[in-house]
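Worksheet for the structure shown next.
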Amino acid sequence: MHEIQLHNTLSGKVEPFVPLKAGVVHMYTCGPTVYDFAHIGNFRTFVFQDILRRFLKLRGYKLTHVMNLTDVDDRIIANAAAAGVDIRDYTKKYVQAFFDDCRTLSVESPEHWIRATENIDSMVKLIQELQKKTYTYDSEGSIYYRIAKFKDYGKLSKIDLTGIQAGARVDNDRYEKESARDFALWKAPKPGEYFWETPIGPGRPGWHIECSAMAMKYLGETIDIHTGGIDLAFPHHENEIAQSEAATGKPFVKYWLHAEHLLVEGEKMSKSLGNFFTLRDLFAKGYKPSALRFALASVPYRRQLNFTFDGLQQATSSVERLRNFAARLKNEKFPAGKQKSMAERIAKAASDFDAGLSGDLNTAVALAAMFDFVREANIAMDKGEFRQGEVKEAQDFLAKFDSVFAVLEDNDAEKLKALGYDTGGDSADDAEIEKLVAARQTARQKRDFAESDRIRKALSDRGILLEDTKDGSVRWKRK
Ligand code: AMP
Ligand code: ZN
């Protein structure tokens, strides 16, 4: 096994991963703000942290992973007020959708799911601690953090603080680096807004204090890993550091990991560009959860992921190849015995796979290790050179692979059904499939095998299996 190395935004370097306590990892992930359905960009980041957690578990760490639901922030308050409903009622639908989406993408549940609205007490206590240490000041019923007092402010995002006016404030939870200001820890209620009655006055928490308070409550004052998308490094994580370290006097997080953003066809996702997709948008177009997971996982987290429909189609074929290989191992009868060279080949693939993930979670290298092996093993099988004695080792490697990538189980139809999609197909679909099957038959009769293979593959990508019968006719079925 290789030494695990991770890129730490704090140091700007790839560092050996050494948790605070041997064998144990405490990890916090900023969860979704449940004001709308999560989009595929959000899930790029959540799949990344899922690959990380699964890999750490595979390497034997005892993991305590916390993910929060931000179920109170500026956008939720505004949307709930506009809809004239309680914030809990407003967020309910999106919380449920998020859990369903995670299940559909095989994103494992963390050890603790927590909600901001259930941890207001801890946030109030943390603000009181900051008040005691004079890191705060009040203005019109709100409480602000005085960034000039925290000497290390900017160490994560490396912002330049010269020229920032002491005492200038920002009320929004989300703002750009150029607007670095004293930020709100506690916000006084505006008329009609939701608020809590607390010892520090009526109001609601700022977004940043939520994560500081919850991370420390569930994981301790110093935690091993904190993850999120790159847009969270500033101001959210910078402010988390300022709050937590000012209160405890201890380092808050040892390793900060940030995923680069997902773009769609090279552009930032936005509703106005018409390139904004939720998972459900893609499932409605007929794409499979496993293909989406594969596409999101296949690009290493520190590289921007350019999402394209071609890429999603390729991911569909890649998953299919893996599943076909697993089926071959399970169903075919190979000549008895063992072969040293194949055993060595499997061991090398497993080692390359581990090296890829150990090297700052390089999923592209890890996948190449698997696909190179599958290609060579398929050739060996075709030539009758793969032996029965190698089946178990190959299956063990596949299982190890899948404990991280989680795409082998053929359960897409089931998952889609659970989300309310009918995957049975309709008669218009059927007519088109019949046409393709007939075209393949014609190609075969003309001995145009390249064309017949192309059609078989196209059908397979759509989830259609062909069975050539002894009498020369062809049956097809949905997988
Ligand atoms: P939010 O619900 O806005 O707090 O975002 C949830 C997570 O998704 C955060 O970790 C964000 O950094 C991340 N995120 C938002 N947009 C993208 C994107 N386009 N690509 C990757 N991650 C994103
Ligand atoms: Zn957070």
Side-chain angles (χ1 to χ4, degrees), residues 9 27-52 65-76 79 91 94-95 97-98 101-102 105 107 110 112-116 119 122-123 126 156-157 172-175 183 185 205-219 223 225-244 252-253 256-271 273 275-279 292 295-297 299-307:
T9 312
M27 170 159 130
Y28 186 89
T29 295
C30 289
T33 307
V34 281
Y35 76 109
D36 202 345
F37 292 105
H39 55 63
I40 55 172
N42 300 135
F43 273 99
R44 195 276 144 120
T45 293
F46 296 128
V47 167
F48 141 66
Q49 61 77 31
D50 185 60
I51 297 277
L52 175 63
H65 179 199
V66 171
M67 183 159 7
N68 75 299
L69 295 170
T70 300
D71 58 352
V72 49
D73 91 327
D74 292 343
R75 294 180 290 186
I76 292 169
N79 289 6
T91 55
Y94 302 117
V95 170
F98 184 71
D101 286 354
C102 283
L105 274 196
V107 169
H112 302 281
W113 275 119
I114 56 172
R115 299 177 70 133
N119 289 282
S122 317
M123 298 164 203
L126 183 55
L156 181 71
S157 54
N172 294 341
D173 284 331
R174 297 180 189 239
Y175 50 87
F183 58 91
L185 296 164
W207 174 36
H208 317 300
I209 199 76
E210 293 179 10
C211 283
S212 274
M214 292 188 287
M216 294 199 290
K217 173 173 172 186
Y218 288 89
L219 296 170
I223 66 182
I225 302 178
H226 195 314
T227 69
I230 189 68
D231 59 313
L232 298 196
F234 187 88
H236 187 48
H237 293 161
E238 194 69 61
N239 292 351
E240 280 188 45
I241 292 176
Q243 297 162 148
S244 300
F252 174 42
V253 171
W256 285 96
L257 269 60
H258 293 106
E260 283 295 333
H261 267 190
L262 171 146
L263 304 176
V264 173
E265 311 279 353
E267 297 199 80
K268 200 175 159 167
M269 239 188 330
S270 86
K271 290 201 168 139
L273 287 174
N275 65 356
F276 183 97
F277 300 111
T278 64
L279 269 58
L292 181 57
L296 296 178
V299 176
Y301 77 100
R302 284 209 304 128
R303 245 188 259 157
Q304 271 190 347
L305 190 163
N306 188 22
F307 176 86

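First listed ligand is number 1; within each ligand, the first listed atom is number 1. Bear in mind the structure is a predicted one, so any value in this text is a computation, not a measurement.
In terms of heavy-atom proximity, Ile76 sits nearest to Asp73 at N-OD1, 3.0 Å. The two residues Phe43 and Cys102 make their nearest non-hydrogen contact at CE2-SG, 3.9 Å. Minimum interatomic distance between Arg302 and Glu260 (heavy atoms only, all atoms of both residues): O-CG, 3.2 Å.
Considering backbone and side-chain N/O atoms, Gly229 comes within less than 3.5 Å of an N/O atom of ligand 1. The N/O atoms of Gly228, backbone and side chain alike, include none that comes under 3.5 Å of an N/O atom in ligand 1. On a distance-only criterion, Arg44 and ligand 1 share no N/O pair closer than 3.5 Å. Below 3.5 Å of separation, one finds no N or O of Glu260 facing any N or O of ligand 1. Not a single N or O atom of Leu232, backbone or side chain, sits closer than 3.5 Å to an N or O atom of ligand 1.
Counting protein heavy atoms only, atom 2 (O) of ligand 1 is closest to Thr33 N, 2.9 Å. Scanning the protein for heavy atoms near atom 21 (C) of ligand 1, the closest one is Gly41 O, 2.9 Å. In terms of protein heavy-atom proximity, atom 11 (C) of ligand 1 is closest to Asp231 OD1, 3.4 Å. Looking only at heavy atoms of the protein, atom 17 (C) of ligand 1 is closest to His261 NE2, 3.3 Å. Atom 22 (N) of ligand 1 has as its closest protein heavy atom Thr45 OG1, 2.7 Å. In this structure, the protein non-hydrogen atom closest to atom 8 (O) of ligand 1 is Asn42 ND2, 3.0 Å.
Using a 4.0 Å cut-off between heavy atoms, Arg75 contacts ligand 1 through its side chain alone, with no backbone atom that close. If you look at Arg174 next to ligand 1, the close heavy atoms, those under 4.0 Å, all belong to the side chain. For His39, every heavy-atom contact with ligand 1 shorter than 4.0 Å involves the side chain, none the backbone.
In this structure, His208 and Phe183 have perpendicular ring planes: the angle between them is above 60°, well past the 30° mark.
The Zn ion (ligand 2) lies at the vertex of an angle of 130° between the SG atom of Cys211 and the SG atom of Cys30 (rounded to 10°).
With 2.8 Å as the limit, His237 does not count as an N, O or S neighbour of the Zn ion (ligand 2).
Looking at Thr70, Val264, Leu262, it is Leu262 that brings a heavy atom closest to atom 20 (N) of ligand 1.
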